Amino acid sequence: MRVLIVPEVYRPEDASSSGTLNDAVSWVEQWLRRDETMHVYWLLPPRERANYDEGDVLADRERVTLVEAEPFMADNPRGSMFTENGYTEDQLTALEAAVHEQGAYVDVVVDQLRTGRFTLKKWLLDHTDHWAAQVRPFDVVANVHDLQVPFKYRYCRYRDAYQMRMELCGTAFADGIWFTAGIDAAAFREHASEYLRRDVVESALDGAIESGSPVEFDRFEERYGDEPEWLHVAGSLWSKKHADEVLAVAETLYREFGVRTLMTSMESIPDEYRRREWVDAHSEASRETYEWALEKGDIAVCASEYETMARTPFEQAASGQVLLLRDEPWIYDCVPEGHPLVADADALESLAARAVEDWDEAIAANRGLVEHAKEIRSPERCGRRTLRDLRSRVESKVERYALGGPDAAVELALEDEPTVELDDVAERTAEFTEDGRPVTARESYARTDLLYALRSLGYEDRGNPGTPTFRRTGRWT
């Protein structure tokens with residue numbers, strides 16, 4: 001099975017710091033571990049532009065192909081506005097060279113870009129004789145990471161309801177949907193129903209899954225101090241995160257309990273935060289600095305108005321930092337109902353004071369949160385769920401494919417060979433057709449038909465790079 005993944009790289013200068021890409025890397029790692037015949041194609045910005053290595057996206061492995069091409073508006077100083085757009089001519093021709101010119105194909109496209117799916121599908125269809133195929137050559141899955149519904153885009157200078165409506169429609173009419181978070185699945189039902197018929201919305205949701213945002217909790221050591229000494233403020237300082245409210249909590253903790261504040265951010269930290277005597281600020285912090293702060297910190301506060309399964313606060317919790325959360329709907333994708341370390345925005349300061357005063361109880365509550373999150377955001381669980389969806393898409397087509405007359409030439413061409421190349425089988429069929437042409441030369445027989453004939457006859461794609469090689473196993477993969 002061959003899968004093309006197109007993540008949104010929302011930090012275009014540092015791809016590996018984009019949670020969207022990190023999620024997908026975790027899925028791919030699980031897929032490769034569970035399916036030895038899987039081949040993955042990435043479509044990503046060039047490494048030198050986006051500051052990542054092959055190993056960051058597992059492209060140092062044989063069954064992963066990195067396709068590098070400049071994205072839309074890459075050279076524009078305001079290009080970060082368009083990280084969710086696509087596709088450029090460079091990207092499409094790079095896909096053609098990496099996939100179709102190698103004699104390969106894709107079974108599923110996992111597309112996270114909000115716009116451009118129509119263009120991508122046209123391009124991929126143009127490389128298949130889909131009109132003749134018994135089954136659809138490939139599925140395009142809308143990977144919805146952060147649905148642009150009103151409470152999210154109100155802070156955005158370049159989004160309004162138009163973008164939301166277009167994304168809702170594009171999502172509804174994709175071949176499948178992966179929602180990173182349950183909150184977005186619920187928002188899709190609510191807002192898409194305003195513009196689309198209810199049965200269309202429900203049909204789209206029937207086959208949708210929640211892919212999840214995996215966190216490798218085993219990487220973090222959950223150790224707690226005897227008493228809190230440091231509040232750790234981590235991550236970006238975007239307006240939705242309400243840094244001023246977090247610093248108000250920090251000031252209260254310092255004034256009442258002597259708890260100092262440690263700040264780490266990949267961005268520049270404003271002077272208004274840095275110059276406070278009780279703040280130790282680390283602007284443009286490296287991963288090493290962030291991990292040092294994870295070990296040092298004792299308390300964390302998440303006052304964000306919305307997230308899509310936020311990663312940083314839960315890494316802090318897994319590192320033994322008692323995590324206090326603003327009570328917003330998004331948190332309950334991975335926080336249990338009735339969790340005691342949750343409060344309204346205006347009650348976070350008093351919650352923080354109670355946590356310090358009842359430190360042992362706060363630690364016990366945080367341990368419970370981490371155990372709950374481990375279950376929800378387990379890489380293994382997310383990997384199994386997404387792989388199951390991929391496999392079911394191909395398996396259903398194998399079940400629907402009906403071996404017929406032209407497939408007899410395919411069976412004869414195989415000659416009980418244990419291993420064959422897709423292109424070679426197509427050429428060999430010319431020996432067994434009435435007109436001496438390969439079966440794929442007929443307008444009525446698609447290359448996709450050849451692929452599914454092989455699968456129906458018990459051959460599986462080995463997942464090798466380049467031209468696909470199939471081996472006889474008696475089952476499809």
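Scope of the values below: all heavy atoms of this structure, side chains included, with no hydrogens, waters or symmetry mates. Since we're looking at a predicted model, the values are computed, not measured.
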Does the pair Arg367 and Glu371 meet the rule for a salt bridge (charged side-chain N to carboxylate O under 4.0 Å, His left out), with working shown?
-> CA-CA 6 Å; Arg367 289 189 188 278; Glu371 287 306 309; over 6 Å; no

From Val67, Val6, Leu21, residue fulfilling side-chain contact (heavy atoms from CB on, under 4.5 Å) relative to Trp42 = Leu21

Step through the shown structure and confirm whether more than 12 heavy atoms of other residues, nucleotides or ligands are within 6.0 Å of CD on Glu411.
-> no

Is the closest basic N to carboxylate O distance between Arg189 and Glu202 below 4.0 Å?
-> yes

Phe314 and Ala373: which non-hydrogen atoms are nearest, and at how many Å?
-> CD2-CB, 4.2 Å

Roughly how far apart are Phe188 CZ and Phe179 CZ, rounded to 0.5 Å?
-> 5.5 Å

Before accepting this row, confirm whether a basic side-chain N of the pair Glu29/Arg61 lies closer than 4.0 Å to the acidic partner's carboxylate O.
-> yes

Which atoms form the tightest heavy-atom contact between Glu167 and Asp146, and what is the distance?
-> OE2-O, 4.4 Å

Could you give all pairs that pass the salt bridge (charged side-chain N to carboxylate O under 4.0 Å, His left out) test and reach residues 91-102, with sequence neighbours left out?
-> none

Ignoring hydrogens and angles, tell me if any N or O in the side chain of Arg49 forms a donor-acceptor pair with the backbone of Ala74 under 3.5 Å.
-> yes

With a 4.0 Å cut-off, would you call Asp218 and Lys374 a salt bridge?
-> no

Atom pair CZ (Arg428) and OG1 (Thr433), whose distance is rounded to the nearest 0.5 Å = 14.5 Å

Does atom CD of Glu443 have more than 12 heavy-atom neighbours from other groups under 6.0 Å away?
-> no

Is it true that a side-chain atom of Tyr306 and a backbone atom of Lys152 form a donor plus acceptor pair closer than 3.5 Å?
-> yes

Of the non-hydrogen atoms in Leu451 and Phe470, which two are nearest, and what is the gap between them?
-> CD1-CZ, 3.4 Å

Is Arg471 paired with Glu36 through a side-chain N to carboxylate O contact shorter than 4.0 Å?
-> yes

Would you confirm whether Ser319, through its side chain, and Glu221, through its main-chain N or O, come within 3.5 Å as a donor-acceptor pair?
-> no

Is a donor on one side and an acceptor on the other found under 3.5 Å between the side chain of Asn366 and the backbone of Leu323?
-> yes

Is there a donor-acceptor contact under 3.5 Å from the side chain of Asn85 to the main chain of Phe72?
-> no

With Asp139, which residues qualify under salt bridge (Lys or Arg N to Asp or Glu O under 4.0 Å), at least two apart?
-> Arg136, Arg393, Lys397

Results of salt bridge (Lys or Arg N to Asp or Glu O under 4.0 Å) for Arg385 - residues two or more places apart only | none

Check whether any side-chain N or O of Gln91 sits under 3.5 Å from a backbone N or O of Gly86 as a donor-acceptor pair, and report yes or no.
-> no

Test applied, side chain to side chain donor-acceptor pair (under 3.5 Å); reference residue, Glu84; option that passes from Arg114, Gln112, His145, Gln163 = Arg114

Above 12 or not: heavy atoms from other molecules or residues under 6.0 Å from CZ of Arg197?
-> no

Nearest atoms (heavy-atom pairs only) where Glu315 meets Val215 = CG-CG1, 4.3 Å

CH2 of Trp330 to CD1 of Ile183: how many Å apart, nearest 0.5 Å?
-> 10.5 Å

So does Phe118 have more than 12 non-hydrogen atoms from other groups sitting under 6.0 Å from CZ?
-> no

Quick check: are there more than 12 heavy atoms from other residues, nucleotides or ligands sitting under 6.0 Å from CD of Glu194?
-> yes

OH/Tyr158: more than 12 non-hydrogen atoms of other groups inside 6.0 Å = yes

Decide, yes or no, whether a salt bridge links Glu307 with Arg326 under the criterion of side-chain N to carboxylate O below 4.0 Å.
-> no

Going by an N to O cut-off under 4.0 Å, is there a salt bridge joining Asp23 and Arg311?
-> yes

Could you tell me whether Glu380 and Arg384 make a salt bridge, using a distance below 4.0 angstrom between a side-chain N and a carboxylate O?
-> no

Roughly how far, to the nearest 0.5 Å, is OG of Ser304 from CG of Leu325?
-> 10.0 Å

Side chain Asp184, main chain Thr308, donor-acceptor under 3.5 Å | no

Check: Thr289 side chain, Thr264 main-chain N or O, donor-acceptor pair, under 3.5 Å = no

Decide side chain to side chain contact (heavy atoms under 4.5 Å, CB included) for Phe220 and Gln321; before the verdict, give the C-alpha distance in whole Å, the side-chain angles of both, and the deciding distance to 0.1 Å.
-> CA-CA 11 Å; Phe220 306 99; Gln321 297 182 13; over 6 Å; no

Side chain to side chain donor-acceptor pair (under 3.5 Å) with Asp35: of Arg63, Arg391, Gln30, only one passes, and it is Arg391

For residues Ser236 and Glu267, is any side-chain donor paired with an opposing acceptor at under 3.5 Å?
-> no

Ser18 (side chain) donor-acceptor with Arg11 (main chain) under 3.5 angstrom | yes

Inspect the surroundings of CE in Met166 and state if more than 12 heavy atoms from other residues, nucleotides or ligands are less than 6.0 Å away.
-> no

If you look at every heavy atom in Val64 and Val57, which pair is closest and at what distance?
-> CG1-O, 3.9 Å

Main-chain N/O of Pro465 paired with Gln102 side-chain donor or acceptor, under 3.5 Å | no

Tyr10 and Ser17 have their tightest heavy-atom pair at OH-O, 4.1 Å

May I ask you to decide if the ring planes of Trp31 and Trp27 are parallel, tilted or perpendicular, using 30° and 60° as cut-offs?
-> parallel

Around atom CG of Asn76, are there more than 12 heavy atoms of other residues, nucleotides or ligands at under 6.0 Å?
-> yes

Check: Asp449 and Pro406 side chains under 4.5 Å, non-hydrogen atoms = no

CE of Met73 to CE of Met81: how many Å apart, nearest 0.5 Å?
-> 7.5 Å

Can we say Asp107 and Arg455 salt-bridge, meaning some charged N sits less than 4.0 Å from an Asp/Glu carboxylate O?
-> yes

CZ of Arg117 to CG of Leu120: how many Å apart, nearest 0.5 Å?
-> 9.0 Å

Does NZ or CZ of Arg2 come closer than 6.0 Å to the centre of the six-membered ring of Tyr41, within 45° of the ring's axis?
-> no

